[in-house]
Amino acid sequence: MTVDPAEIEALIGLQLGREQVIPGDRLVEDLGAESGDFVTIIAVVEERYGIVIDEMELADIVTVGDLYQIVAARTGSR
């Protein structure tokens, strides 16, 4: 499955009520994600792409681009 960065951006934007989301946006500091938002975003991404993001990796997800990189690696889209 090919992962489009714009799709990840759109999923995050929809969850957080943001019209524009870019790869460098930090989920908490720039986009205002709270812990519940973060959990929901991860769950939606996991379900959409049929992947599991390990709990150890969650701390590494700071930006939209970080999440995309993990999804791309799991789906072989790199």
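- Under the side-chain contact (heavy atoms from CB on, under 4.5 Å) criterion, Val62 pairs with Arg26, Asp66, sequence neighbours left out.
- Residues passing the side-chain contact (heavy atoms from CB on, under 4.5 Å) test with Leu14: none are found, sequence neighbours excluded.
- Annotation for Val45 and Leu67: closest pair CG2-CD2, 4.0 Å, computed over non-hydrogen atoms.
- Evaluation of the side-chain hydrogen bond (donor to acceptor under 3.5 Å, both in side chains) test over residues 36-52, restricted to residues two or more places apart or in two chains, returns Glu7-Arg48, Glu7-Tyr49.
- Exactly one residue among Leu31, Ile41, Ile22 makes a side-chain contact (heavy atoms from CB on, under 4.5 Å) with Val64. That residue is Leu31.
- Contact of the Ile61 side chain with the Phe38 side chain is registered, since non-hydrogen atoms from C-beta on lie closer than 4.5 Å.
- Across every non-hydrogen atom of Tyr68 and Ile8, the tightest pair is CD1-CG1, 4.1 Å.
- With hydrophobic clusters built from ILVMFWY side chains whose heavy atoms lie under 4.5 angstrom apart, Val39 does not share a cluster with Ile53.
- Rounded to the nearest 0.5 angstrom, Asp25 CG and Leu16 CG are separated by 10.0 Å.
- Sorted by first then second residue, the salt bridge (charged side-chain N to carboxylate O under 4.0 Å, His left out) pairs that include residues 13-24, not counting sequence neighbours, number zero.
- Both Leu58 and Val44 are assigned to one and the same hydrophobic cluster, defined by single-linkage of ILVMFWY side chains at heavy-atom distances under 4.5 Å.
- Minimum heavy-atom separation, Ile51 to Arg74: CG2-CB, 3.6 Å.
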